[in-house]
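First up is the structure itself, then whatever we jot down about it.
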Amino acid sequence: MTTASICTIGDEILIGQIVDTNSSHISRALNSLGIKATRMLSIGDEHDAIIHNLEHELQHNDIVIVTGGLGPTKDDITKKALAELSGSESYRTDAAQLAIIHRILSARGLDMLETNLAQASVPDTCEVIPNRLGTAPIMVFRFPEGRFGHPATLYSLPGVPFEALGAMPDVLEDIKANNSLSDIYHRTVMTFGLAESALSRLIEPWEDSLPEDMHLAYLPNPLTGVRLRLSIYGGVRADQEKRIEAELARLKPVLGEYMYSEQDDTLQECIGRLLAAAGKTVSAAESCTGGTIAALFTSVPGSSEYFLGSVTSYANSVKTGILGVPSEIISKHGAVSSECVAAMAEGVRRITGSDFSVATSGIAGPGGGSDDKPVGTVWIGVSSERGTSTYKLQFNGDRKRNIERFAANALDILRRRVVNDINN
């Protein structure tokens, strides 16, 4: 199994001034080739720290990909550190990168400065992959087996995400040309309705029976539930697929209705496919979720095929005046009640003419709760021609987390209703 380490260089990452997005994109790209990323590391702008850390990563990995520290300013010191690390005794000007620098500066109406010329100068120990999108070249350092106990290659990329990610296709081609790669195979199952710990207990006998080379990961997300990822590193892809499919066939009956997709998915995408396939539509009436459900639906391309619209009825006057919730329901039971969300769901379905609807009313916090309706309480209503049902749930997160959980659970309840109505 070929392994890799991904290193970012720059104080700006360590002090939180910018967020490192390069590493996750690079990791996914490596994974697509069957390369396992073993470590992501951020290193400050300090010469000795760069050399020390990169030596360690090269000792323990076949490939090290470095981003950052290649700009024209004095604080960009990666090139000097890499020259020392690789034993460079001189620099040379890379003609291909110099031509790109001339083209970029000319297009911007800028003069060539000494700092720009310096970027085309590289250690004599490296190969260059021209950076077509910027001025700093991609430097490739190949270390023989005697240096770190195994052959190792270091790729130094610019830190600007547009340039770093734009360089990855060329880097991947070089990796494929110089390494013997095996496959990594992942399969994902999406679940909702069980916390990670409860899910683990449910599938424990199945998980304990997995072959040693098959790895299971639990990846929870409040908006999508718990993603189960089953992986095999190494081997032949056709065999990997066959073996994992056999294990998933044993898992599905255990998960039952908690499983909503056999691919990396979201609840709104799953519901959308169900509705589109059946030629059905949906609408939403939201109070405590404030349009979150509508935003989730409309984040999916093509959702206008099945999502007709929503009413964000935060004020009681909108619940009564637009959705048609009887005022006596609110005065007698309150806005956070079974009766209110039922009327909201029926009202928005009537207004839009949708086949299904979902409604939410709750107390997201931090204030507004009471003894009988504490913060984190939500009522969810779903409606179709077969009737209206309501559900009361209780959570204990902060306002943002509560709203996410309200919306996600509303979608899951809607999903189950859609499946039931379509299949029966």
Side-chain angles (χ1 to χ4, degrees), residues 1-8 20-41 57 60-65 150 152-153 155 165 168-169 171-173 175-176 178-256 258-267 269-270:
M1 171 62 59
T2 304
T3 63
S5 172
I6 304 167
C7 303
T8 57
D20 168 32
T21 57
N22 287 337
S23 293
S24 60
H25 290 289
I26 292 171
S27 178
R28 284 196 293 271
L30 292 173
N31 191 269
S32 70
L33 291 187
I35 299 170
K36 183 177 181 180
T38 62
R39 183 170 164 90
M40 294 180 181
L41 177 67
E57 299 309 305
H60 293 87
N61 293 280
D62 305 296
I63 295 167
V64 174
I65 296 185
H150 59 89
T153 306
Y155 296 88
L165 303 184
M168 281 307 296
V171 171
L172 296 179
E173 286 301 316
I175 291 174
K176 287 191 290 185
N178 290 280
N179 292 270
S180 177
L181 303 175
S182 58
D183 284 323
I184 297 176
Y185 184 62
H186 300 293
R187 277 283 272 112
T188 297
V189 168
M190 302 299 298
T191 72
F192 199 94
L194 284 177
E196 184 179 359
S197 56
L199 179 61
S200 176
R201 286 194 299 271
L202 175 66
I203 67 174
E204 184 175 8
W206 171 83
E207 183 177 0
D208 289 344
S209 71
L210 289 174
E212 288 187 5
D213 67 339
M214 206 170 287
H215 307 278
L216 180 68
Y218 295 77
L219 306 167
N221 182 302
L223 284 174
T224 57
V226 180
R227 177 188 290 109
L228 296 175
R229 189 188 66 222
L230 200 55
S231 307
I232 300 178
Y233 297 92
V236 179
R237 186 177 184 87
D239 179 60
Q240 293 171 332
E241 293 180 9
K242 184 178 179 180
R243 293 176 60 213
I244 283 185
E245 290 303 321
E247 295 299 335
L248 291 182
R250 294 197 303 117
L251 175 64
K252 292 172 192 176
V254 180
L255 292 175
Y258 295 113
M259 185 184 79
Y260 69 87
S261 181
E262 296 181 46
Q263 62 189 52
D264 202 344
D265 219 345
T266 64
L267 286 163
E269 288 171 331
C270 176

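Just so you know, residue 1 is the first one in the sequence shown, and it goes up from there.
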Carboxylate-amine/guanidinium proximity below 4.0 Å for Arg201 and Glu204: no
Partner set under ring-ring contact (aromatic ring centres under 6.0 Å, His included) for His150, not counting sequence neighbours: none
State which residues pass ring-ring contact (aromatic ring centres under 6.0 Å, His included) with His25; sequence neighbours excluded, sorted by chain then number. none
Is Glu241 salt-bridged to Arg237, going by a charged N under 4.0 Å from an acidic O? yes
Begin with the C-alpha distance, continue with both residues' side-chain angles, and end with the deciding distance and a verdict on side chain to side chain contact (heavy atoms under 4.5 Å, CB included) for Ile184 and Ile35. CA-CA 7 Å; Ile184 297 176; Ile35 299 170; 5.6 Å; no
From CA spacing to verdict: side chain to side chain contact (heavy atoms under 4.5 Å, CB included), Ile203, Tyr258: CA-CA 12 Å; Ile203 67 174; Tyr258 295 113; over 6 Å; no
Residues forming a salt bridge (Lys or Arg N to Asp or Glu O under 4.0 Å) with Arg28, sequence neighbours excluded: none
Considering all heavy atoms of both residues, which atom of Pro205 and which atom of Leu202 are nearest to each other, and what is their separation? CD-O, 4.0 Å
Check the orientation of His215 and Tyr233. Use parallel for under 30°, tilted for 30 to 60°, and perpendicular for over 60°. tilted
Consider only side-chain N and O atoms of Asn61 and Thr38, and report whether a donor and an acceptor are under 3.5 Å apart. yes
Between His186 and Asp264, is there a side-chain donor-acceptor contact under 3.5 Å, judged purely by atom types and distance? no
Ion pair Arg250/Glu247, N-O distance below 4.0 Å: yes
